[in-house]
Amino acid sequence: MAVSTEPPPGPEAELPEQMRVRRAKRAEMLAEGRDPYPVAVPRTHTLREVRAAHPELGPDTSTGDLVGVSGRVMFLRNTGKLCFATLREGDGTELQAMLSLALVGAEELARWKSTVDLGDHVFVHGEVITSRRGELSVMADSWDMAAKAVRPLPTVHNELSEETRVRQRYVDLIVRPQAREMVQARATVVRSLRSTLHDRSYTEVETPMLQLQHGGATARPFVTHANALDTDLYLRIAPELFLKRCVVGGIERVFEINRNFRNEGIDSSHSPEFAMLEAYQAYATYADMATLTRELVQASARAVFGSTVVRHADGSEHDLGGEWRTVTLHDAVSEVVGQDVTLDTPIEDLRKLAATHDVELKDSWAAGEIVLELFEKLVEHTLLAPTFVKDYPVEVRPLTRRHRSEPRLAESWDLTVFGFELATAYSELVDPVEQRDRLYAQSLLAAAGDVEAMQVDEDFLRAMEYGMPPTGGMGMGIDRLLMTLTGLGIRETILYPLVRAE
RNA sequence: GCGCCGUUAGCUCAAUUGGCAGAGCAGCUGGCUCUUAACCAGCGGGUUCGGGGUUCGAGUCCCUGACGGCGCACCA
């Protein structure tokens with residue numbers, strides 16, 4: 001084998017051909033004294049502004065308007081003496097640029113052809129015209145690089161693989177309009193939620209995400225460490241206990257929109273970090289919170305779609321308008337199994353029912369837990385229209401106030417839409433003595449090894465002892481609200497979902 | 001955590017029983033003054049996810065690891 005006279009292969013030599021070519025073009029520009037990354041370009045109009053100023057021009061028209069525009073090159077069509085490029089700016093607006101030999105001269109035209117690649121940001125100055133085909137364009141009298149891309153854009157005409165979309169969301173945003181739309185939809189929804197709550201005299205607060213004790217939900221937390229305090233801290237699984245402290249303190253309508261962290265399974269509807277709205281209202285009950293929740297969701301739909309009719313990615317339309325169905329847990333199960341299931345149904349009958357429907361049960365389960373399991377396995381996925389499922393057995397809502405007329409039930413509901421849980425609410429437990437008993441029971445579970453059980457938060461109990469007014473509380477997943485509105489998976493609604501290291 | 005499927009050019013994907021790794025777009029060279037995923041002619045581009053094995057010969061078969069998808073379990 002001959003000895004190579006080439007320099008030893010370095011990182012440059014190992015780059016794909018297309019990246020070497022683009023880096024060479026960048027180097028060429030520098031060698032010619034041209035900056036491939038100028039600090040500014042003399043832009044006078046956005047592409048959108050140019051389009052807005054000339055909405056209806058016929059083919060082959062000159063306007064006399066001189067503009068300086070810039071954008072990312074999305075398509076290139078070079079002929080011998082006339083070049084076309086489609087420029088695009090951040091909001092997706094596109095405008096054609098044209099460069100002709102007659103106007104820019106041979107040297108500048110050649111420089112365009114040899115240095116501009118798909119994906120580059122370019123600046124073009126010239127007259128606003130329409131082409132013979134009627135395409136609104138800027139006919140260049142000069143052009144410059146605004147920012148050279150050294151990595152090739154993926155083919156615009158193929159769908160990116162789901163993994164690339166998630167891992168390289170910036171590329172997804174460049175090539176896929178729906179990705180940009182999701183970002184806007186999410187921002188619109190969050191703005192709408194805040195607006196609806198502010199209209200109802202709610203106060204927004206921010207409570208700790210790093211907590212000494214985790215509570216407010218049953219879930220496995222992430223653990224981290226504070227060096228200054230030499231103590232372990234938990235990333236919060238819910239803001240609930242701090243928001244309730246706010247209610248004790250007199251912030252009688254309070255909400256927070258922020259991230260929770262749960263160290264649990266990851267799938268198409270679960271992310272380890274997820275955005276949540278929690279709202280608490282003094283002198284409200286779970287029924288009031290149902291009305292609030294419906295209004296929040298419907299206002300969000302109107303903010304995004306201009307109507308309560310939501311359009312899913314598959315093209316289907318669903319109307320979330322009007323009143324929503326409310327059904328008790330037991331009635332929901334009764335309907336689907338075709339026989340009456342009530343609080344008085346003997347546990348043996350429930351077990352038989354589970355067996356007939358191939359629902360596996362744990363031996364330790366009480367009647368309420370079996371009914372809930374029947375609901376989750378047989379009913380939940382069938383509830384497509386928004387449905388409040390209410391009045392859960394106390395066994396499965398250990399921290400909730402008892403129902404005012406049936407002590408075996410808790411005043412709580414889950415809102416199910418398109419087969420998954422979107423929100424949950426309670427008439428909150430405010431008796432500090434009972435609260436202490438229940439948290440103590442949880443702590444015994446924790447001591448016995450239940451990683452999801454709550455700890456006894458003495459400061460929270462102290463707050464409760466000062467007296468918390470009757471209060472309704474509600475929690476809603478923001479990501480899931482976006483899923484409800486768009487029909488997409490949770491990883492599509494989160495800009496940068498957690499992914500394993502490459 | 002368990003099971004099944006997958007990973008091939010910059011991107012999206014092919015490759016028959018184990019027998020010369022291909023296509024479209026993108027790139028490079030040349031041509032073209034009205035293109036719209038332009039067109040015409042030509043050319044280059046690969047650690048077939050990593051490691052090990054079987055075989056005359058492995059993208060293909062076996063073992064192992066990484067990553068991903070789906071299902072189950074857990075959960076909102």
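Below, chains carry the letters A, B, ... as their sequence lines are ordered, and counting in each starts from 1.
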Item to check | Atom-pair distance (CD on A:E240; P on B:A76), nearest Å | outcome: 12 Å
Next on the checklist: Please report the distance, rounded to the nearest Å, between CG in A:L481 and P in B:A76.
Outcome noted: 18 Å
Checklist entry - Any idea how A:F388 and A:W324 line up, ring-wise: parallel (<30°), tilted (30 to 60°), or perpendicular (>60°)? => result tilted
Next on the checklist: Would you measure the distance from the P atom in B:G31 across to the matching atom in B:A23 and give it in whole Å?
Outcome noted: 25 Å
Checklist entry - Does a donor on one side chain sit under 3.5 Å from an acceptor on the other, for A:R236 and A:Q213? => result no
Checklist entry - Can you find a side chain N or O atom of A:K25 that sits less than 4.0 Å from OP1 or OP2 on B:C28? => result yes
Checklist entry - Could you walk me through whether A:F418 and A:H312 pass the ring pair (Phe, Tyr, Trp, His ring centres under 6.0 Å) check? => result CA-CA 11 Å; A:F418 300 122; A:H312 278 189; 4.6 Å; yes
Checklist entry - Quick one: which of B:G10, B:A26, B:A76 gets closest to the side chain of A:L118? => result B:A26
Checklist entry - Which part of the nucleic acid, if any, lies within contact of A:N78, taking any heavy atom under 4.0 Å across all strands shown: a base, the sugar-phosphate backbone alone, or nothing? => result base
Checklist entry - OP1 or OP2 of B:G10 less than 4.0 angstrom from a side-chain nitrogen or oxygen of A:T164, does that happen here? => result no
Next on the checklist: Counting only side-chain nitrogens and oxygens, does A:R20 get under 4.0 Å of the OP1 or OP2 atom of B:G27?
Outcome noted: no
Checklist entry - Atom CG of A:L103 to atom C1' of B:C34: distance rounded to whole Å? => result 14 Å
Next on the checklist: Is A:F84 stacked against the base of B:A38, taking the criterion as centroid distance under 5.5 angstrom and interplanar angle under 30°?
Outcome noted: no
Item to check | Per A:T155 side chain, nearest of listed nucleotides B:A73, B:U36, B:C25 | outcome: B:C25
Checklist entry - If you measure from the P atom in B:U16 to the same atom in B:C62, how many Å do you get, rounded? => result 16 Å
Checklist entry - Can we say A:D117 and A:K25 salt-bridge, meaning some charged N sits less than 4.0 Å from an Asp/Glu carboxylate O? => result yes
Item to check | Spacing of the C1' atoms in B:C40 and B:C61 (rounded, Å) | outcome: 46 Å
Checklist outcome for this item: RNA chain B nearest-nucleotide lookup for A:E17 and A:L76: closer to the 5′ end is A:L76
Next on the checklist: Base, sugar-phosphate or nothing for A:A217? Non-hydrogen atoms, less than 4.0 Å.
Outcome noted: nothing
Checklist outcome for this item: In whole angstroms, the gap separating C1' of B:A76 from CG of A:L383 amounts to 16 Å
Checklist entry - So which nucleotide from B:U36, B:C34, B:C11 ends up closest to the side chain of A:M139? => result B:C34
Checklist entry - For atom P, what is the distance between B:G27 and B:G10, given to the nearest Å? => result 14 Å
Next on the checklist: Heavy atoms from C-beta onward define the side chain here; which of B:G27, B:U12, B:A76 lies closest to that of A:N158?
Outcome noted: B:U12
Checklist entry - When you measure from the side chain of A:H157, which nucleotide among B:C25, B:C28, B:A26 comes out closest? => result B:C25
Next on the checklist: With a 4.0 Å limit, can you tell me whether A:S161 has a side-chain N or O closer than that to the phosphate oxygens OP1/OP2 of B:U12?
Outcome noted: yes
Next on the checklist: Between A:E428 and A:K244 (salt bridge meaning N to carboxylate O under 4.0 Å), is one present in this structure?
Outcome noted: yes
Next on the checklist: Just N and O in the side chain of A:R491: are any of them under 4.0 Å from OP1 or OP2 of B:G69?
Outcome noted: yes
Checklist entry - So which nucleotide from B:A76, B:U33, B:U12 ends up closest to the side chain of A:L82? => result B:U33
Checklist entry - Across all strands, who's sitting opposite B:G1 as a Watson-Crick or G-U wobble pair, both distances under 3.5 Å? => result B:C72
Checklist outcome for this item: side-chain contact (heavy atoms from CB on, under 4.5 Å) test vs A:S300 passes for just one of A:L320, A:L193, A:T196, namely A:L193
Item to check | Complementary nucleotide for B:G46 - Watson-Crick or wobble, under 3.5 Å | outcome: none
Checklist entry - Looking at B:A76, B:C34, B:A26, which one has an atom nearest to any side-chain atom of A:T218? => result B:A76
Checklist entry - With sugar-phosphate meaning primed atoms plus P, OP1 and OP2, does A:M276 contact a base, only sugar-phosphate, or nothing at under 4.0 Å between heavy atoms? => result nothing
Checklist outcome for this item: Considering only heavy side-chain atoms of A:L160, the closest of B:A76, B:U12, B:C32 is B:U12
Item to check | Integer angstrom distance from the C1' of B:C13 to that of B:A9 | outcome: 11 Å
Checklist outcome for this item: Comparing nearest nucleotides in RNA chain B, the 5'-proximal residue of the pair A:P154, A:F75 is A:P154
Checklist entry - Just how far, in rounded Å, is P of B:U36 from CG of A:L95? => result 18 Å
Item to check | Closest nucleotide among B:A76, B:A37, B:U36 to the A:E135 side chain | outcome: B:U36
Checklist entry - What distance, rounded to whole Å, do you find between the two C1' atoms, one in B:G18 and one in B:A58? => result 6 Å
Item to check | Residues in salt bridge (charged side-chain N to carboxylate O under 4.0 Å, His left out) contact with A:R194, at least two apart in sequence or another chain | outcome: A:E204
Item to check | A:D172 CG - B:C11 C1' separation (whole Å) | outcome: 13 Å
Checklist outcome for this item: B:C34 -> Watson-Crick or G-U wobble partner, both distances under 3.5 Å, gives none
Next on the checklist: Distance check, C1' atoms only: B:G50 and B:U7, in whole angstrom units.
Outcome noted: 12 Å
Checklist entry - Which atom names give the shortest non-hydrogen contact between A:N78 and A:F84, and what distance separates them? => result OD1-O, 4.2 Å
Name the atoms and distances for all side-chain donor-acceptor pairs under 3.5 Å in residues 97-105 of chain A, with sequence neighbours left out.
unit_1: A:S100; atom_1: OG; unit_2: A:L103; atom_2: N; d: 3.2

Checklist entry - Between A:I237 (CD1) and B:A76 (C1'), how many Å, whole number? => result 11 Å
Checklist entry - Between atom CD in A:Q18 and atom P in B:G45, what is the gap in whole Å? => result 13 Å
Checklist entry - Taking the same atom, C1', in B:G19 and in B:U55, what whole-Å distance lies between them? => result 12 Å
Item to check | Watson-Crick or G-U wobble partner of B:G10, both distances under 3.5 Å | outcome: B:C25
Checklist outcome for this item: Side-chain contact check for A:V21: nearest option of B:A76, B:A26, B:C28 is B:C28
